[in-house]
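Here's the structure we're looking at; comments come further down.
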Amino acid sequence: MSEARVQSGWTGWVLFAAVLLIIAAILDIFYGFMALLGPDTGYFVSSSGVQTFSLTAWGWWSIILGVLLLLAGISLASGRMWARIFAVIVAGLHALGQLIAFPSQPWWSIAMVTLDILIIYAVTVHGRELRRD
């Protein structure tokens with residue numbers, strides 16, 4: 001006899017986290033290409049006018065992380081334990097990556113780190129309810 005699983009309304013938070021990961025992936029891939037193709041754009045110019053990091057390296061980091069975020073968002077909907085662990089790791093890396101961009105875009109970085117923390121919270125606290133393994 002199989003054990004009945006109870007799902008609460010918190011399951012929606014994990015699916016919301018998956019959607020946020022996919023949206024963050026699209027934005028990161030876009031900004032990665034923008035850093036590679038248009039480093040002189042206003043997005044990358046800080047108030048001091050000095051960049052403390054390589055835009056080419058940051059562009060590639062954003063593209064690679066964007067692909068990982070996309071994979072994490074898609075796999076998170078499966079409810080598997082490995083997908084939840086992967087999503088937490090990638091969201092943490094994304095938060096760290098956003099701190100690098102803080103001098104250029106402080107408000108955007110704060111917003112993205114906040115969303116990453118929300119994703120980590122949803123997955124770690126409520127991810128068990130999606131469990132399919």
Side-chain angles (χ1 to χ4, degrees):
M1 181 177 249
S2 70
E3 180 182 314
R5 277 196 347 235
V6 178
Q7 287 187 344
S8 70
W10 287 106
T11 305
W13 276 92
V14 179
L15 296 177
F16 178 68
V19 170
L20 285 178
L21 285 167
I22 292 170
I23 291 170
I26 292 167
L27 291 173
D28 265 22
I29 292 170
F30 172 75
Y31 288 132
F33 280 119
M34 199 164 98
L36 293 176
L37 301 175
D40 299 337
T41 60
Y43 179 81
F44 300 107
V45 178
S46 66
S47 58
S48 66
V50 177
Q51 294 300 327
T52 58
F53 58 91
S54 165
L55 284 179
T56 302
W58 189 81
W60 281 111
W61 167 259
S62 292
I63 292 170
I64 292 167
L65 194 58
V67 171
L68 292 174
L69 286 165
L70 185 63
L71 292 173
I74 292 169
S75 64
L76 187 58
S78 73
R80 304 273 185 223
M81 176 62 89
W82 66 266
R84 296 192 318 257
I85 293 169
F86 182 60
V88 168
I89 291 169
V90 172
L93 286 173
H94 187 250
L96 291 174
Q98 289 301 315
L99 293 177
I100 294 170
F102 186 81
S104 299
Q105 293 291 326
W107 292 110
W108 180 256
S109 295
I110 290 169
M112 293 306 290
V113 168
T114 303
L115 287 177
D116 289 330
I117 291 169
L118 183 63
I119 290 167
I120 293 169
Y121 171 78
V123 173
T124 56
V125 175
H126 304 293
R128 165 178 65 253
E129 296 173 21
L130 278 179
R131 190 152 108 202
R132 294 191 179 117
D133 22 48

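Fair warning: this is a prediction, and the values are worked out from it, not measured in the lab.
- In this structure, the side chain of S109 does not engage the main chain of L99 through any donor-acceptor pair within 3.5 Å.
- Taking the side chain to side chain contact (heavy atoms under 4.5 Å, CB included) definition, one finds that V19 meets it with I23, sequence neighbours left out.
- I22 and I119 are members of different hydrophobic clusters when ILVMFWY side chains are connected at heavy-atom separations under 4.5 Å.
- Cluster membership for L118 and I89, using ILVMFWY side-chain heavy atoms within less than 4.5 angstrom, is shared.
- Nearest heavy-atom pair across D28 and Q98 is OD1-NE2, 3.7 Å.
- The side chain to side chain contact (heavy atoms under 4.5 Å, CB included) test applied to F30 returns M34, not counting sequence neighbours.
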Would you tabulate the side-chain donor-acceptor contacts of residues 110-117 under 3.5 Å, counting partners in other chains and residues two or more places apart, or write 'none'?
{"from": "T114", "atom 1": "OG1", "to": "I110", "atom 2": "O", "distance (Å)": "2.7"}
{"from": "D116", "atom 1": "OD1", "to": "H94", "atom 2": "ND1", "distance (Å)": "3.0"}
{"from": "D116", "atom 1": "OD2", "to": "H94", "atom 2": "ND1", "distance (Å)": "2.7"}
{"from": "D116", "atom 1": "OD2", "to": "A95", "atom 2": "N", "distance (Å)": "3.1"}

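- A pairwise comparison of heavy atoms in I120 and A91 identifies CG1-CB, 3.8 Å as the closest pair.
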In residues 59-77, what donor-acceptor pairs under 3.5 Å come from side-chain atoms, sequence neighbours left out?
{"from": "S62", "atom 1": "OG", "to": "W58", "atom 2": "O", "distance (Å)": "3.1"}
{"from": "S75", "atom 1": "OG", "to": "L71", "atom 2": "O", "distance (Å)": "2.8"}
{"from": "S75", "atom 1": "OG", "to": "A72", "atom 2": "O", "distance (Å)": "3.2"}

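- Two different hydrophobic clusters hold I26 and I29 under the rule that ILVMFWY side chains link at heavy-atom gaps under 4.5 Å.
- Taking the six-membered ring where tryptophan is involved, the planes of F16 and W13 are perpendicular, since the angle between them exceeds 60° and thus also 30°.
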